[in-house]
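Working notes for the structure below.
Read the numbers this way: they start at 1 and go in the same order the structure lists the ligands and their atoms. Computed from a predicted structure; not experimentally measured.
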Amino acid sequence: MDGNGRWAQQRHMPRKLGHYQGAARVRGLIAHCAQVGVKSVTLFAFSTENWHRPSDEVDALMLLFIDYLDKELPLMLAEQVRFRVLGSLARFSPAVRERIEFAQTQSQHNTGLMLNVAANYGGRWDIVHAVQQWHVAHPTAYVGALTEEDLSHYLSTAGQPELDLLIRTGGESRISNFLLWQAAYAELYFTDTLWPDFDEAELQKAFVWFAARDRRFGGVTVSAP
Ligand code: IPE
Ligand code: MG
């Protein structure tokens with residue numbers, strides 16, 4: 001969800017307002033995803049590198065996170081959304097952590113769309129953490145026998161469908177330590193649109209683009225002659 005700061009700066013507003021505007025986009029986009037049958041969505045809200053931002057911006061993002069969960073949880077529950085945070089919760093304040101844990105517990109048996117929010121998340125962290133967790137579960141196992149399939153059970157996205165489409169807004173053409181493992185065969189969609197301007201019509205454009213991709217997964221096209 002990139003481009004909140006620039007969106008605000010273009011309007012001579014504090015960056016914080018761009019983040020609020022960006023967060024306000026999420027509800028409609030999630031509803032659109034659920035409507036077209038998307039099973040799982042992951043929003044990159046806060047990376048492990050984002051802690052390096054000025055402390056007033058980090059504080060504003062934490063308050064926004066709290067505000068978002070307080071406002072949106074009842075709606076998510078009503079819509080059967082299953083909410084999860086991907087990332088280590090250790091660095092968050094108790095106020096943030098409690099809300100995350102509450103939202104996860106309250107929504108864990110929901111049967112609708114899975115909404116993952118990557119927060120204090122890094123793709124490299126995810127892979128290293130998975131190896132560590134695998135080792136905790138199999139302390140005497142021979143590491144040489146570890147397979148991709150084994151490791152996938154310990155990633156933050158374990159049990160979720162394969163990542164099909166990765167969208168980055170805000171004009172950059174990089175993955176920036178998002179779902180590195182999971183993006184192995186994802187289609188990558190880059191748009192200059194700033195996140196607060198990324199509405200349902202923009203999302204639908206990405207879906208239409210995705211639908212026209214020829215996905216071979218390293219094989220050859222299987223199509224009628
Ligand atoms: C949002 O956009 C990303 C978050 C960390 C929430 P940015 O804050 O990166 O916006 P730009 O790139 O400065 O425009
Ligand atoms: Mg940015």
Answer with yes or no whether the hydrophobic clustering places L166 together with V38; edges join I, L, V, M, F, W, Y residues whose side-chain heavy atoms lie under 4.5 Å apart.
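In one cluster with L166: V38, no.
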
Is R11 close enough and on-axis enough to W7, meaning under 6.0 Å and within 45°, for cation-pi?
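Yes, a cation-pi geometry.
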
Geometric cation-pi criterion R25 and W195, 6.0 Å radius, 45° cone
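No - R25 does not lie over the ring of W195 by the 6.0 Å and 45° rule.
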
Any donor and acceptor pair, going by atom type alone, linking the side chain of [X] with main-chain N or O of [Y] inside 3.5 Å?
{"X": "S107", "Y": "F83", "result": "yes"}
{"X": "R82", "Y": "N110", "result": "yes"}
{"X": "T157", "Y": "Q160", "result": "no"}

For residues T169 and D2, is any side-chain donor paired with an opposing acceptor at under 3.5 Å?
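No pair is found: no donor N or O on one side chain lies under 3.5 Å from an acceptor on the other.
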
When you check the side-chain N and O atoms of N50 and E57, is any donor under 3.5 Å from an acceptor?
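No, E57 and N50 have no side-chain donor paired with an acceptor closer than 3.5 Å.
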
Output the list of atoms in ligand 1 that are nearer than 4.0 Å to some heavy atom of M1, sorted by atom number.
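So the atoms of ligand 1 that pass are 1 (C), 2 (O), 3 (C).
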
Is there a polar contact between ligand 1 and [X], counting only N or O atoms under 3.5 Å apart?
{"X": "W7", "value": "no"}
{"X": "G3", "value": "yes"}
{"X": "N50", "value": "no"}

Identity and separation of the nearest protein heavy atom to [atom]:
{"atom": "atom 7 (P) of ligand 1", "answer": "D2 OD1, 3.6 Å"}
{"atom": "atom 10 (O) of ligand 1", "answer": "G5 N, 2.9 Å"}
{"atom": "atom 6 (C) of ligand 1", "answer": "A45 O, 3.3 Å"}

N, O or S atoms of the protein lying under 2.8 Å from the Mg ion (ligand 2)
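Only D2 OD1 fall inside 2.8 Å of the Mg ion (ligand 2).
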
Tell me whether the centres of the aromatic rings in F178 and W125 are closer together than 6.0 Å.
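Between W125 and F178, which both carry aromatic rings, the centre distance is not below 6.0 Å.
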
Does R53 come within less than 4.0 angstrom of ligand 1, counting non-hydrogen atoms of the residue?
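True for this residue.
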
So for E172, does at least one of its heavy atoms come nearer than 4.0 angstrom to any atom of ligand 1?
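Not so, E172 does not reach ligand 1.
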
Pair R216 + D214: basic N to acidic O under 4.0 Å
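Yes, charged N to carboxylate O under 4.0 Å.
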
